[in-house]
Amino acid sequence: MDIKHVIKYGIKLLTNYQRRFNFLASKGFYDKMPDEEFLVRLYKANRGKKLDLENPKTFNEKLQWMKVYDHNPLYTITSDKYAVRDYIREKIGEEYLVPLIGVWDSPDEIDFDALPEQFVLKCNHNSGVGMCICKDKSKLDIEKTKKNLQKGLDQNFYLVCREWQYKNIKRRIICEEFLSELDAGDLINYKIYCFNGEPKMFHISGNMATHDGARLSFLTLDWKPLPFCRKDYLPFENLPAEPVNREKMLDIARVLSEGLPFMRVDLYEINGKIYFSELTLDPCGGYSPFEPEEWDLKLGEWLTLPDKR
């Protein structure tokens with residue numbers, strides 16, 4: 001980067017609160033700041049408005065409230081990509097899990113010779129940092145992979161958006177089978193928004209490998225488009241066909257979200273079979289840029305906050 005670009009970038013940091021705050025946060029400048037203060041400032045930086053934790057009304061505001069005041073121990077389990085497997089096994093059965101190959105505390109413990117030709121390595125406590133999707137082990141740079149995994153293990157993901165559920169996860173590396181269908185460009189991810197254990201809408205996405213090609217839409221439970229989107233993604237021009245197992249997906253979502261104020265249940269359907277993807281408490285970290293913005297308030301009306309704990 002030449003001196004002109006450095007100066008231009010520096011001016012943007014000095015004059016733009018969002019850029020300045022997010023840059024300093026990424027460098028750990030606010031790591032010791034109390035959660036409530038940090039979230040108020042981060043909300044201002046990302047949403048451009050004051051966060052009301054005393055009387056939250058919108059969906060995004062209520063998710064921020066839950067970060068501060070709803071510390072249900074179950075959330076740590078559902079957010080841990082390794083521990084959640086037992087939760088899924090108990091609630092709906094082993095058959096919905098992507099098969100597990102191994103789990104380790106350090107990259108140096110992994111015997112790469114013993115791994116199959118294709119696999120997925122990832123950390124259990126974060127969202128993508130360190131992940132390795134291996135389609136051909138003969139071409140894998142093992143040392144680089146180990147360095148990336150260590151970088152993932154070193155990340156304190158809780159500090160990014162102060163999502164309490166990630167704070168006390170025991171960090172591990174897990175290896176799952178590579179499902180070739182998951183690499184398909186047109187594979188749809190079915191995300192079901194559940195409020196008080198009841199599904200309210202679908203959020204579907206596809207082609208997420210590149211932002212320009214990615215598509216994201218919100219749908220009713222009977223597969224009709226809802227009149228809003230996210231500002232950062234284009235909606236589907238042509239709506240994908242509804243999943244064969246739509247009703248079964250909704251039943252699974254009810255079971256996995258039972259007794260919880262909010263939970264997003266993410267699933268795949270591959271060759272007519274449902275696979276569990278993940279459980280999400282804070283979509284987009286609690287900063288979803290809905291358009292029109294009034295839908296932030298409409299979704300907030302569905303979310304009944306629990307008592308503080």
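Atoms considered below: every heavy atom in the structure, side chains included; atoms not considered: hydrogens, waters and symmetry mates.
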NZ/NE/NH1/NH2 to OD/OE distance under 4.0 Å, Asp251 and Lys248: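 Result for this pair is no, no salt bridge flagged.
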Does the distance from a Lys or Arg side-chain N to an Asp or Glu carboxylate O, for Asp154 and Lys151, drop under 4.0 Å?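 No, this pair does not count.
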Ring centres of Phe21 and Phe38 under 6.0 Å apart?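 Phe21 vs Phe38: aromatic centres under 6.0 Å.
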How about Phe23 and Phe29: are their ring centres within less than 6.0 Å of each other?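 Between Phe29 and Phe23, which both carry aromatic rings, the centre distance is not below 6.0 Å.
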Against Phe59, only a single residue in Phe228, Phe262, Trp295 fulfils ring pair (Phe, Tyr, Trp, His ring centres under 6.0 Å); can you say which?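 Only one of Phe228, Phe262, Trp295 forms a ring pair (Phe, Tyr, Trp, His ring centres under 6.0 Å) with Phe59, namely Phe262.
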If we ignore angles and hydrogens, is there a donor and acceptor under 3.5 Å between the side chains of [X] and [Y]?
| X | Y | result |
| --- | --- | --- |
| Asn72 | Gln165 | no |
| Gln64 | Lys67 | yes |
| Tyr158 | Asp35 | yes |

For the [atom1] atom of [X] and the [atom2] atom of [Y], what is their distance to the nearest 0.5 Å?
| X | Y | atom1 | atom2 | value |
| --- | --- | --- | --- | --- |
| Leu63 | Asp282 | CG | CG | 5.5 Å |
| Leu239 | Trp223 | CG | CH2 | 6.5 Å |
| Lys49 | Glu61 | NZ | CD | 8.0 Å |

If the test is side chain to side chain contact (heavy atoms under 4.5 Å, CB included), which one of Ile142, Asp141, Ile173, Leu140 qualifies with Cys132?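 Running side chain to side chain contact (heavy atoms under 4.5 Å, CB included) over Ile142, Asp141, Ile173, Leu140 with Cys132 returns exactly one hit, Leu140.
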In chain order, what residues pass the side-chain contact (heavy atoms from CB on, under 4.5 Å) check against Glu237, with sequence neighbours excluded?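 Once residues adjacent in sequence are excluded, the partners of Glu237 under the side-chain contact (heavy atoms from CB on, under 4.5 Å) criterion are Arg215.
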Partner set under side-chain contact (heavy atoms from CB on, under 4.5 Å) for Lys224, not counting sequence neighbours: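 With neighbours one apart ignored, the set is Thr220, Asp222.
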Does anything in residues 103-148 pair up under ring pair (Phe, Tyr, Trp, His ring centres under 6.0 Å), and if so which pairs, sequence neighbours excluded?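 As it turns out, there is no ring pair (Phe, Tyr, Trp, His ring centres under 6.0 Å) pair with a partner in residues 103-148 once direct neighbours are skipped.
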Closest contact, heavy atoms only, Gln155 versus Val160: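 That closest heavy-atom pairing would be NE2-CG2, 4.0 Å.
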In the hydrophobic clustering (ILVMFWY, side-chain contacts below 4.5 Å, transitive), which residues join Leu234, or is it alone?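 Listed partners: none, Leu234 stands alone.
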Within 45° cone and under 6.0 Å: Lys231 NZ/CZ vs Tyr233 ring: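 The answer is no, since Lys231 fails at least one limit relative to Tyr233.
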Just jot down the side chain to side chain donor-acceptor pair (under 3.5 Å) partners of Tyr75, sequence neighbours excluded, or say none.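 Applying side chain to side chain donor-acceptor pair (under 3.5 Å) to Tyr75 gives Asp70.
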Could you point out which residue of His203, Glu198, Lys200 forms a side-chain hydrogen bond (donor to acceptor under 3.5 Å, both in side chains) with Tyr193?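 Single pass found, and it is His203.
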Residue pair Met131, Ile133: steps toward the side-chain contact (heavy atoms from CB on, under 4.5 Å) verdict: CA-CA 7 Å; Met131 178 181 284; Ile133 301 175; 4.1 Å; yes
Does Arg85 use its side chain to pair, donor to acceptor, with the backbone of Val98 at less than 3.5 Å?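 Flag set: sc Arg85 to bb Val98 pair under 3.5 Å.
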Exam field: side chain Lys122 to backbone Gly152, donor-acceptor pair closer than 3.5 Å: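 No, the answer is negative, given that no donor and acceptor are paired below the 3.5 Å cut-off.
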Results of salt bridge (charged side-chain N to carboxylate O under 4.0 Å, His left out) for Asp232 - residues two or more places apart only: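 So Asp232 forms a salt bridge (charged side-chain N to carboxylate O under 4.0 Å, His left out) with Arg230.
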